Student: 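This is the structure, below, for whatever I ask next.
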Amino acid sequence: MKIFFPNRILYKKSKKIKLNENINSILNVMKKEIIHNANYVAISSVQIGILKRLFLIKNIFNKKYFLFKNPKIIWKSKKKIYSYEGCISIPNFYGYILRNKEILLETYCVNNYYHKFFFKNFYSCCIQHEVDHLNGKLINMV
């Protein structure tokens, strides 16, 4: 079940996932949402009403999916860019948001392996958007 603005759950901070926690049912719902909506690039568990630090991103080039568990942005570039964004939780609402051009993200992936990833441009903005959801923040247009 998708959660829409102004639902108050969108403003609550998500809790960390235990590494041994079974998230298959959450993941299946998130995948189903992203597969059935071609315009969706990413979805956080918050957007289906589950306050866990978890999001899924679709690779726009090969349609594979990447799972991020307990993600944390540990570095942001000083350089900023404008990102044209929409939000699953606020249908038909789009606008420009000022985001960091590059980020370094630490996270756990599918098999609970710890990773650090460097992202820039489109994916940097997408990940910042999803981490905002996990922190109880909705998009703030410029």
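The model shown is predicted, which means the values in this text are computed figures rather than measured ones.
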Student: Using every non-hydrogen atom in the two residues, find where C126 and V41 come nearest and quote the distance to one decimal.
Tutor: SG-CG1, 3.9 Å
Student: Residues two or more places apart in sequence or in another chain: which of them pass salt bridge (Lys or Arg N to Asp or Glu O under 4.0 Å) with K101?
Tutor: none
Student: In this structure, which one of K72, K15, K69, K13 forms a side chain to side chain contact (heavy atoms under 4.5 Å, CB included) with R53?
Tutor: K13
Student: Please name all residues satisfying side chain to side chain donor-acceptor pair (under 3.5 Å) with Y114, sequence neighbours left out, ordered by chain then number.
Tutor: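 By the side chain to side chain donor-acceptor pair (under 3.5 Å) rule, Y114 matches E106.
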Student: Between F68 and F117, how do the two ring planes meet: parallel, tilted or perpendicular, split at 30° and 60°?
Tutor: perpendicular
Student: Evaluate side chain to side chain contact (heavy atoms under 4.5 Å, CB included) for L54 paired with I23, printing each intermediate quantity in order.
Tutor: CA-CA 9 Å; L54 177 72; I23 58 164; 3.9 Å; yes
Student: Parallel, tilted or perpendicular for Y82 and Y96, by the 30°/60° rule?
Tutor: perpendicular
Student: How close do N100 and S77 get, heavy atom to heavy atom, and via which atoms?
Tutor: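 Looks like ND2-O, 2.8 Å.
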Student: Over all heavy atoms of both residues, which pair between I103 and K76 is shortest? Give the atoms and the distance, please.
Tutor: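 Here I103 and K76 meet closest at CG2-CG, 4.1 Å.
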Student: Name the orientation class of the two ring planes belonging to Y113 and H115 (parallel below 30°, tilted from 30 to 60°, perpendicular beyond 60°).
Tutor: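 Perpendicular, since the angle between the ring planes exceeds 60°.
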Student: Quick one: pull up CG in L105 and NZ in K116 and give me the separation to the nearest 0.5 Å.
Tutor: 11.0 Å
Student: Where do S124 and E102 land on the side-chain hydrogen bond (donor to acceptor under 3.5 Å, both in side chains) test, with the steps shown first?
Tutor: CA-CA 6 Å; S124 171; E102 301 169 333; over 6 Å; no
